[in-house]
Amino acid sequence: MEWASLTEFFRMGGYSIYVWGSYCVSFFLFFIELYFMFWRFRELSKTEGSDKNLNGDVIEA
Amino acid sequence: MSLTLIVFAVVKRDMQQAVKRPSDLLTVFCFFILSSGLFAIGIGPDPELQKNIGVGVIWASALLASILALGELFSGDERDGVLEQMLLVPEPLTVIMLAKIIGHWVVTGLPIVLVSPFLGIFFGFSTNALLVLASSLLLGTPILSLLGAVGAALTLGVRGATALAALLILPLYIPVLVFGSLATNAALIGTEVSSHLSLLVALLIFALVLAPLFVSASLKVALD
Amino acid sequence: MKKIVTEVIPLNFWKYSTPKTVFPIASKVIPMAFLFAVILCVAGIYVGFFVAPTDFQQGEVYRIIFIHVPSAWMSMFIYIIIVFWSLMGLIFNTRLSFMMAQSLAPTGAVMTVIALWTGALWGKPTWGTWWVWDARLTSELILLFLYIGYIVLGASIDDIRRSDRTSAILALIGAVNIPIIYFSVEWWSTLHQGASISLTAAPKMAASMFLGLCLMSLSFWMYTIGAAFYRLRIVILKREKSSTWLREFEGAP
């Protein structure tokens, strides 16, 4: 193991802003992309007279 | 009709139209001078700074002016149905489009090349640098017209066409900007110029071959 | 009998090139791809943070590499795949090819943004600056604008047939520019500030670092597959909302 303690791990040798800034923003961007995709799919797969989308999930009114 | 005759006919027609409506032409020309002038005024009177930044300013202004000139390249011909006729005639569309681009360059690009040495003087360039500036623009502005025509063809009839064409084409202008300003900067500091200019020639040949093909393909799709 | 066999094979090939057959396949691929993406990502981060040692020159900040390099690779790779599908669509006149190309573009743009962002965060502590107008960074920025232009152009043309073909032509034009901006590294070298990490510099470190890089790259690849197929389903839904096969598919369990 590289890290003596959890604090040491989060400190990243003084580069915490750069390292965690990279990882957090990247995963946040992936999350945003996925969120918009899922949202768009739910909207589109809503059809008249049906309360289920194409995945078979029930869509709340 | 032989291909050379077609080229001459189309270029002549476009030039006649430009003479009939000089305001379009004049707008682009004045925009180029004004935009360079605005930078010079904004930077302030330090001659050394102006000399350093002049190349980039003149080149960037040429880029923006050439984007501004794209608006009427195909839309006028599309409105009066000439463009559809061009698609229908047996002569190859690529040649007709090449001729249109040449005509467009003569009325918008060439004036920029001719006035650029005077702008160079305002920025305090040496005689050698003025020559290199003009010759790099002479090689570079046709590339701008060729690439710009592709952007105009892609966005023909689309809402917000000019802004969209700018978004699509300005990133592609970057190589031209780089080698053009590298050549002139090399002349300013007295190093070898020819390698940058020959790269511009290579880009020009590349664009001359490919751009008319892309323009024809886009127009065929647009008027399908 | 022989005659039937020779006829069946080409039919099967083209069977998979229609939205109707691809939709259920995509629905099966998506959860698998995302599952693999998560597993590989967890493994990659474990290797990257707990197995790979500290860099003797850069310290801990080099660990950005595990996200920077895979995203930069994917940003270019996705563009090449878009060019491939655009070409396929223009040559073989298949709707699905254009749909595939369009489904990939937003993920490509996200990858490019991530590569630029992590590059800036890596550049600040190692080069002392967030941004340099050097060939690599500029070419990546051009790539972002190519992605944005591709998406915007496709979205601003209402006629689907024209929108597909026009944006495909734009993708091809962008491909012409890619080698130019790529090889400009040498011509632009005067502005280049210090080289980034070289994998061959420290052979002992390379093994675990390289493993982490591979795992993260595979993870990003899986994510791209999942996201692209998910967006493909959205594109199909949008375009074929009125067609009957979607209704039938909906009715099935």
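Here is the naming used below: chain letters follow the sequence lines, and residue numbers restart at 1 for every chain. Just so you know, these numbers come straight off a predicted model, no measurement behind them.
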Check whether the ring centres of C:Phe220 and C:Trp73 lie less than 6.0 Å apart, and answer yes or no. no
Given side chain to side chain contact (heavy atoms under 4.5 Å, CB included), test B:Leu156 with B:Ser218 step by step and report yes or no. CA-CA 9 Å; B:Leu156 182 67; B:Ser218 319; over 6 Å; no
With a 4.5 angstrom heavy-atom cut-off, is it the side chain or the backbone of [X] that approaches chain C, or both, or neither?
X: B:Ala211; answer: neither
X: B:Leu223; answer: neither
X: B:Thr155; answer: both
X: B:Leu210; answer: side chain

Most heavy-atom pairs under 4.5 angstrom with chain C, which of B:Leu167, B:Val158, B:Leu154, B:Val150? B:Leu154
Which atom names give the shortest non-hydrogen contact between [X] and [Y], and what distance separates them?
X: B:Trp59; Y: B:Ser181; answer: NE1-N, 3.9 Å
X: C:Glu140; Y: C:Ser75; answer: OE2-OG, 2.8 Å
X: B:Ser36; Y: B:Leu119; answer: OG-CD1, 3.7 Å

Take B:His196 and B:Val132, measure what side chain to side chain contact (heavy atoms under 4.5 Å, CB included) needs, and give me the verdict at the end. CA-CA 10 Å; B:His196 304 303; B:Val132 174; over 6 Å; no
Report, by ascending residue number, the residues of residues 100-121 of chain C in heavy-atom contact with chain B at a distance under 4.5 Å; give 'none' if the set is empty. none
[X]: what forms a side chain to side chain donor-acceptor pair (under 3.5 Å) with it, not counting sequence neighbours?
X: B:Ser35; value: B:Ser61
X: B:Trp105; value: B:Thr141
X: C:Ser86; value: none

Option that, when pairs with chain B are counted at under 4.5 Å, heavy atom only, ranks first among C:Ile157, C:Leu90, C:Leu153: C:Leu153
